[in-house]
Structure formats: structure tokens, C-alpha cells
Amino acid sequence: MSVAENLEHKWHTRDFPTAAKDLLQNSQTRKNVQHATNVIQGKRNKVSAELPDWEDLREAGAQVKAHTLKHLDYYLTQFEENCTRAGGHVHWASDAAEANRIILSLVQAQQAKEVIKIKTMTSEEIGLNAHLEANGIAPIETDLAELIIQMGKDRPSHFVAPALHVNRQQVRAMFQREMHLPNLGDRPEDLAEAARNYLREKYLRIKVAISGANFLVADSGAVCLVESEGNGRMCLTLPDVLISIVGIEKVIPSYRDLEIYLQTLPRSATGERMNPYNSTWCGVTPGDGPQEFHVVLLDNGRSPILADKEARQTLQCIRCAACLNACPVYHQTGGHAYESVYAGPIGAILTPQLQSMEQGRSLPYASSLCGACYQVCPVKINIPEVLIHLRGKIVREDQATLAGKFSLWNIGMQAVAFLFKDSKRLEMAESLGQIGQKVLVSKNGFIEWMPGMLGGWTQTRDLKAIPKQSFRQWWAEEKSRD
Ligand code: SF4
């Protein structure tokens, strides 16, 4: 799919297999994605191996997050009190519509027609840009990758490197067209210089900025944002008004806890030992930075995840995207196949839950369950465990409907479950299978073709024929020889 076609394309319109099939045809995008993820993953492996206490940091990161989620009401209230005391305003938004309403009214109160933005996937999640544009306000992305996405009318495919699927030549063509720079070169410094010149005037002129945040610190009411380009620092310090939209799961108890995440997040996200820009701010300070500061705390489907004990760990995510870079499925398809703001393994568990399992139901199946995501996750989210939990949920929901109950798939699975419950039944089925497979087994002892829906398995792999003797029969024979 070209960038222009992507423009028309909204999230959640196709299931994963359909979208992935399309994207697998695009060899250029696949090449871009594979190259970029391999580079980031290589750097991540190198810098995480440098730390002798890497596994301890992962464990500590997981425990602090798990503890905070267990007492989320307490820490959010503490954050609100401290942020308000420091001169900030805290707003609570139960869903995307409410968050958009709050932010729009704050921008309108300034009579602003433009806002500058720091990359925030939470604003993508609520569709903030579209909402502002529909109300006559132009949102201007200042992160280089987000600017590329915005100019190309594209969609992010990776939440740390949203334009990872676009290469330098494509960016140059876009900047030449949109910034009216026909002689622009394609060296990284040429493109960075063009973006810098384009954005600097906006930083100095526009009075309202919108950001996300990586962490909210409960014991001080501080907000923390890490970034690599310095665009964030500009947006956090130059405008008169700053609005931060943040998911409720981003709160951590204290400043001391940042010590863990400021080591694991940059190493996992970009393979850097430290982010070039780490900003923390607390309310407002007269004469220094924005004089009006708002935090919009977003629920938007997070509370039900919190209530689900087996899936709660999903909310521990610090959005480093290491699981995307490690995932063999993401490597092949890229992020757009997930039809979601949150792609890759974390997207496969987060998106369907944020949507109350109404959309993204194919995503928990977009995984080989190889466990690579779990191995790299800096907060030890056991993604395969949650994937299986969600698959079970989907099956049970389907079985509760008449169509699901009588679907070929359900009948087949029920039959298999019936056989597996009793060894005698299983042996009988194996004996029958041995007779039935005679016409299917090829000379090499494998079944290469099967009829009907069973053919889905043999389409891409051979199936070993049922052996003449089962393991139990073999074992009984061995024992009788002793
Ligand atoms: S699930 Fe873990 S690895 Fe994936 S983005 Fe979240 S924190 Fe990073």
C-alpha cells in the first residue's frame, strides 16, 4: 500500500491476516522495516549486555509497576494532589471523546489556531489531531518521524520510530514537495537541517504545546518525558501553555523509581545508554517555562484491563518497542498490519483489550508464541501468557453465540478435546487415523496434502504420518522385555 493510499485508510478496518497479506507484497516496506529493526535490536542487545545487573533491573522494573497498578487509585490521587499543589491542573478523562473535548476547550481558551506537538501515541490513540483539525486548529508534529508521517498523510508503524517503514529517499521526496525545497539532498544532515528550519519558526511563534509523558511521579507531582531530538525540550519550555495527555498506567510512586526506568528504557528503545533529553517538570514556575500546565489523565479502556488479573501486566508497558524489534511476525509484516496505533506483540494484547475485545480480535493470533518478546521486555511482561489468555477469552465469547457454537472450527476443536480427554478414545482415533492416512502418506513418510479445512496445515508444512505404534504401546512393549 502506498503512502497516499494509507491516507484514506483508518485503523481497525481489516483483520490481521487480510492486512498482513497485503503488506507482505510490499517488498520495499519489508526491507525498510527489517533493516531498521535489526539495527535497533543489535544496539539494544549490546548495551543491555553491558550492565551486570540487567536482569535485576528488569525484575525491579516489573515489581514497581506491578505494585503501582495494584494501588493505582492511591498513586493517581497522590499525583493529582502534588501536581495541583505545584500549580498544575489535573483533568480526568474516562474515554477518548472526553479527552478530546477537554483538550479542545483548553486550546480554544487560548484562542489558538495552531498547536505544536511532541510525539505522543496516546494522542494517536484518541484521534486528537483529527479532532483538532475538525475544529479549525492545526496540530504541528515536531518529532522528525511524526513530521514525516504527518506530511506523508501516513500512519505510524512503530511507536518509538513511527516512520521506520519509510526510507531516506522517500523522506527527501516528501520534504522537497511539502517544504518547497527542490534541491534538497538525501543525507541525514540535509533532512535534519530542513526539518530544523521548518520547525524553529513554529517553536518561537506558537503558544500552546501538547505532549505525552513517559512517567508521572506520584510523590512530587512531576511529569517525565524522554526523547532524542530536543524538539520535546523546545515544546516543554517555549510555549505559554502546556497540555500533557497521559494514560493512567504511567504513574510510578517516586523519583527513585526513575533510576530503574531511565536505564532500561533508552537501552531497550533505541539502544542508547541514556536518552539525550530527559525532562522532568513539576507544575509551573513563575518566569520559567509555560505558565499554565494541564495534565489529562486518560482511562479509555484501561480500568477493565486492571480488573483482569491475568491481563493486568499489559499495563506495565513502558512503550520501549523492544518486543516489536524482536518479533519475527512484526519483522515480516511491519506495523500497519496490526491496524492499530500499538503494533507488534504489545499491540496484539493491548489493542483488543482497549477496545473491549470488540475490535482487533485477530491480533492475539498474530504471534508464533516464540517468546522473544518476553525475553527482551524490560518490565518482564509475559506477552505469550496474555496472548493465550486472550485467545481463550475470544473462544469462550464465540462459543457463547449460536454461530460460534455450530462453527466448523468449534465442532472440530470440541471433537479433539473429547478424544484427548481419554487415552482409550485417543488410541482408537489413532488406529482409525492410521487406516485413513494410507492414501495420503507419501513415500517419505509425510503427509503433504489433506482435504478441506485440514489442508490449511499442509499448505505450508508437511505432517508426519501417525506412527504404527503409539508411545504408550512402545513403552508397554519395552517394559515387558525387561
Ligand atoms: S511490552 Fe515490554 S518490550 Fe514491549 S513495548 Fe512494552 S515494555 Fe517494551
Side-chain angles (χ1 to χ4, degrees), residues 33 36-37 40-45 47-48 54-55 57-66 68-69 119-122 124-125 156-162 164 212-215 224 226 246-252 257-258 260-272 275 302 305-306 308 310-331 334-335 338 340-354 360 363-364 366-390:
V33 170
T37 48
I40 305 174
Q41 211 194 348
K43 284 164 74 180
R44 177 255 165 220
N45 293 345
V47 295
S48 59
W54 179 252
E55 286 307 318
L57 284 168
R58 286 181 75 214
E59 183 59 34
Q63 284 194 20
V64 168
K65 279 283 183 176
T68 318
L69 289 171
K119 174 163 73 73
T120 146
M121 286 300 126
T122 317
E124 291 277 349
E125 178 188 326
S157 67
H158 187 280
F159 43 79
V160 169
L164 170 127
N214 295 92
F215 305 100
C224 173
V226 303
V246 192
I248 52 173
E249 79 282 17
K250 296 281 179 76
V251 70
I252 53 171
D257 302 318
L258 281 177
I260 306 166
Y261 303 111
L262 294 186
Q263 292 186 74
T264 53
L265 178 56
R267 282 181 161 83
S268 303
T270 51
E272 291 167 304
N275 281 101
R302 286 157 175 81
I305 305 178
L306 195 65
D308 182 339
E310 284 163 84
R312 183 185 297 160
Q313 54 180 316
T314 310
L315 297 177
Q316 290 176 199
C317 179
I318 55 171
R319 307 281 190 271
C320 71
C323 57
L324 280 67
N325 304 331
C327 177
V329 176
Y330 181 92
H331 262 233
Y338 294 79
S340 154
V341 174
Y342 304 107
I346 183 63
I349 58 172
L350 181 59
T351 302
Q353 294 187 83
L354 286 179
L363 291 181
S367 167
S368 63
L369 301 179
C370 69
C373 46
Y374 181 32
Q375 274 174 356
V376 296
C377 179
V379 284
K380 293 181 111 172
I381 300 174
N382 191 334
I383 294 179
E385 192 177 271
V386 182
L387 284 166
I388 291 169
H389 170 64
L390 296 181

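We count ligands from 1, going down the list as the structure has it; atoms in each ligand are counted the same way. Position 1 is the first residue of the sequence, and the numbers go up from there.
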Inset, instruction - Starting at CD of E272, measure out to CG of L265 and round the result to the nearest 0.5 Å. - result: 10.0 Å
Inset, instruction - Let me see the working for R302 and E125 under salt bridge (charged side-chain N to carboxylate O under 4.0 Å, His left out), right down to the final yes or no. - result: CA-CA 12 Å; R302 286 157 175 81; E125 178 188 326; 2.9 Å; yes
Inset, instruction - Rounded to the nearest 0.5 Å, what's the gap from CG on N214 to CD1 on I318? Could you check? - result: 8.5 Å
Inset, instruction - May I ask whether S268 has any heavy atom positioned less than 4.0 angstrom from an atom of ligand 1? - result: no
Inset, instruction - Output the distance between atom OG (S268) and atom NZ (K43), rounded to the nearest 0.5 Å. - result: 13.5 Å
Inset, instruction - Give the atoms of ligand 1, by number and element, whose distance to some non-hydrogen atom of V379 is under 4.0 Å. - result: 7 (S)
Inset, instruction - For H158 and N325, test the side chains for any donor-to-acceptor distance below 3.5 angstrom and give the result as yes or no. - result: yes
Legend entry - Pairwise distance CZ(R319) to OG1(T120) - rounded to 0.5 angstrom: 10.0 Å
Legend entry - Which of the ligand 1 atoms, numbered from 1, are nearer than 4.0 Å to a heavy atom of P378: 2 (Fe), 3 (S), 7 (S), 8 (Fe)
Inset, instruction - Return the residue, atom name and 0.1 Å-rounded distance of the protein heavy atom closest to atom 7 (S) of ligand 1. - result: I318 N, 3.4 Å
Inset, instruction - List nothing but the number: protein N/O/S atoms under 2.8 Å from atom 4 (Fe) of ligand 1. - result: 1
Legend entry - SG-OH distance between C323 and Y330, expressed to the nearest 0.5 angstrom: 10.0 Å
Inset, instruction - Go through the side-chain N and O atoms of Q313 and E385 and say whether any donor and acceptor fall under 3.5 Å apart. - result: yes
